[in-house]
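Just below is one structure, and these are the notes that go with it.
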Amino acid sequence: MRRRGRAFFDRPTERVARELLGHRFVVRDRRGIRSVRLVETEAYVAHDPANHAYRGPTRRNRSMFLRPGTLYVYRIHQVVCANLVTRPGEAVLLRAGAPLGEVRDRPSGPGRLCRALGIRIEDDGADAARGRKFLLFPSRGRRGPIAVGPRVGLRRARARRLRYLLLESPWVSRPRPRGRGRRLTSASPSGSRAGAKSRRSRTTRRRPSGGGRSGVRSVGR
DNA sequence: CCTCGGATCAGCT
DNA sequence: GCTGATCCGAGGA
C-alpha cells in the first residue's frame, strides 16, 4: 500500500484529522521499526486561540509553516508531543494509537505516543510526506465509527469540537461517550459560587472542568 | 529582563 | 475527581 504524500496533508485540517484515524503511522530508525494505528487526533486550525501558531510564526512553531506533512514536535512539562502539519499554521495533534508490533508502552496520550514511538524533539521539522523516517499509510479495511468532542486540556476554545477518535478503540487517551442523552449537569443556582477565593499557585490552579462529562459524541462513520 | 500559563502525566482520594 | 512536578516559550502583568 502506498504511503500518504503531500496532497493528503494539503487539505482542510479537520478533514485530515478525521481521516487520519485508522492510519498506520510508522517510525523507522536505527533502533528498528515502530508503528501504531492512529485512534485519536485533534485539529488546530486558523484563528484558533489554542493553536500554537495563533499569533503567527515564532521559533518554536516555525515547522508549522513548512510544507504539508511536516512533523511539528513540541515539548510541554518535559513531555514531547507530535503533530502533522496540514496548511500553513495548522496541524493535527496525534493523541493516541493502537500498538502494532513491538511498542514500549501504551501509546495513549500525545506524550505517551511519542515515547512509545521514540519521537524526540529533534524530529521537529521532519517530512512525513517524503522522508524515510516517518511514514503514513491508509487504513486497511474497516475503520469503525468515529466520535467527535472537545479537545483535551485546553483553557481556551473549549467550545470547539475538534477532537476525533475511534469510538470502539480501547486505546483512546480518555473516556468515550457515556450513554446517549445522559445529562449529569444540574442547573446550578446562581448564588452558589465558592465564596473564598483560595490562593492557588499557577500550577495548582483548578482547571475549568467540563462538568464531569467527556463531551464526546458519536458522529457515525 | 521578569512573569506566568501550559495541546501532559502519574499518582492519589 | 484533584494535585504537583518542573521548565520553557511567549508576552509584557
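Chain naming here is simple, since letters A, B, ... match the order of the sequence lines and numbering starts at 1 in each. What you see below is based on every heavy atom in this structure, not just the backbone, and it leaves out hydrogens, waters and symmetry mates.
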Legend entry - Heavy-atom side-chain contact between Val80(A) and Asp123(A) under 4.5 Å: no
Inset, instruction - In whole angstrom, give the distance that lies between atom CD of Gln78(A) and atom P of dC7(C). - result: 5 Å
Inset, instruction - Flag this pair as yes if the NZ/CZ of Arg24(A) is under 6.0 angstrom from the six-membered ring centre of Phe137(A) and inside a 45 degree cone about the axis; otherwise no. - result: yes
Inset, instruction - Using only side-chain N and O atoms of Arg115(A), determine if any of them is under 4.0 Å from OP1 or OP2 of dA10(B). - result: yes
Inset, instruction - For Arg158(A) and dA7(B), give me the distance from atom CZ to atom P, rounded to whole Å. - result: 12 Å
Inset, instruction - Name the nucleic acid region contacted by Arg60(A), choosing base, sugar-phosphate or nothing; use a 4.0 angstrom heavy-atom cut-off, strictly under. - result: sugar-phosphate
Inset, instruction - Could you tell me the separation between the CZ atom of Arg75(A) and the C1' atom of dG5(B), rounded to a whole number of Å? - result: 17 Å
Legend entry - Pairwise P distance, dG5(B) and dT3(C) [rounded to whole Å]: 16 Å
Inset, instruction - Starting from P on dG9(C), measure out to CE on Met64(A) and report it in whole angstrom. - result: 16 Å
Inset, instruction - Starting at atom CG of Leu113(A), determine the distance to atom P of dC9(B), rounded to an integer number of angstrom. - result: 9 Å
Inset, instruction - Could you tell me whether the side-chain ring of Tyr44(A) sits stacked on the base of dA7(B), using a centroid cut-off under 5.5 Å and a plane angle under 30°? - result: yes
Inset, instruction - Round to the nearest Å and state the distance from Leu154(A) atom CG to dC9(B) atom P. - result: 13 Å
Inset, instruction - For Glu42(A), answer base if it contacts any base atom (sugar-phosphate contacts may also be present), sugar-phosphate if it contacts only those atoms, and nothing otherwise; contact means non-hydrogen atoms under 4.0 Å. - result: nothing
Legend entry - Strand partner of dT6(C), provided both Watson-Crick or wobble distances fall under 3.5 Å: none
Inset, instruction - Establish, from distance only, whether the side-chain atoms of Ser108(A) and Arg106(A) form a donor-acceptor pair under 3.5 Å. - result: yes
Legend entry - Plane angle bin for Phe134(A) and Phe25(A) - parallel if under 30°, tilted between 30 and 60°, otherwise perpendicular: parallel
Inset, instruction - Look up atom OH in Tyr164(A) and atom CD in Glu14(A), then write down how far apart they are to the nearest 0.5 Å. - result: 5.0 Å
Inset, instruction - Could you tell me whether the phosphate oxygens of dG9(C), OP1 or OP2, come under 4.0 Å of any side-chain nitrogen or oxygen in Arg55(A)? - result: no
Inset, instruction - Would you kindly give the NE2-to-P distance between His77(A) and dG5(B), to the nearest whole Å? - result: 12 Å
Legend entry - Side chain of Arg155(A) - closest among dA10(B), dA7(B), dG5(B): dG5(B)
Legend entry - Asp105(A) CG to dA10(B) C1', straight-line distance once rounded to whole Å: 13 Å
